[in-house]
Amino acid sequence: MAELPPNVHISSHPCLLAKLSQLRAASANARETKALVHEISTIVGCEALAAGLTVKSGPPAKTPLGYEYTTTTISPSTISLVPILRSGLGMLDAVGSPSNAPNSECSELAILLDPVIATGGTCAAAIQTLKEWGVKRVIVIAVLGALPGVVKAAEEWPEGVEIWVAGVDASINERGMIKPGLGDVGDRLFLTIGK
Ligand SMILES: O=c1cc[nH]c(=O)[nH]1
């Protein structure tokens, strides 16, 4: 795979490969799809938040073991959870209950829940809106991405945006669907296939 921008993180958790292949199966019904999206989001979310909620808060200080950065953990009251409608709703319970929409008092960090980053257009547009609202940092949590879309979103926002994803496929087709992908995850979650 081509080299990814440094703000893209593909999980290496050993359970994810199996869960992703179960999710790719067309035979997975809505209940199974929902459970798999939840489980995958939990794993990727834990990794993303473990890395993203602790920030360096000052210059390195001398300790008995050498120099170490002072770190602080961001207070939950300054974090907003932002699901992409409607498919991102399937990730909400895994990452936490919804908190305030970003506003001037709540603009430190937004966690953007976008299960599928295909063209990257939705993800990049959502980040743009959050930045315009004054959000300083955005952590994107995704189940599956297509390489061009993930790279597009990450390169458009090289500062203050980190993208965490369970897996990345090579490309999208002419309808903007990921190949091989997992189908339309919103339709699968909300039982609207063919409607
Ligand atoms: O492959 C795709 C592309 C966009 N949205 C999806 O749910 N799947």
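Just follow the structure's listing: the first ligand is 1, and inside any ligand the first atom is 1.
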Point to revise | 4.5 Å side-chain heavy-atom contact, Leu49 and Ile111 | key: yes

Review point. When you check the gap from the basic side-chain N to the acidic O, do Asp169 and Arg24 get nearer than 4.0 Å?
Key: yes

Point to revise | Residue pair Leu130 / Val82, side-chain heavy-atom distance below 4.5 Å | key: yes

Practice item. Tell me yes or no: between the side chains of His9 and Glu47, is some donor less than 3.5 Å from an acceptor? Key: no

Give every pair made of an N or O atom of ligand 1 and a protein N or O atom lying under 3.5 Å apart, one pair per line with both atom names and the distance to 0.1 Å, or write 'none'.
residue	atom	partner	partner atom	Å
ligand 1	1 (O)	Ile178	N	2.8
ligand 1	7 (O)	Gly183	O	3.4
ligand 1	7 (O)	Val185	N	2.8
ligand 1	8 (N)	Gly183	O	2.8

**Study point:** Pair Asp187 + Arg86: basic N to acidic O under 4.0 Å
**Key:** yes

**Study point:** Flag side-chain contact, heavy atom, 4.5 Å: Arg188 against Ile193
**Key:** yes

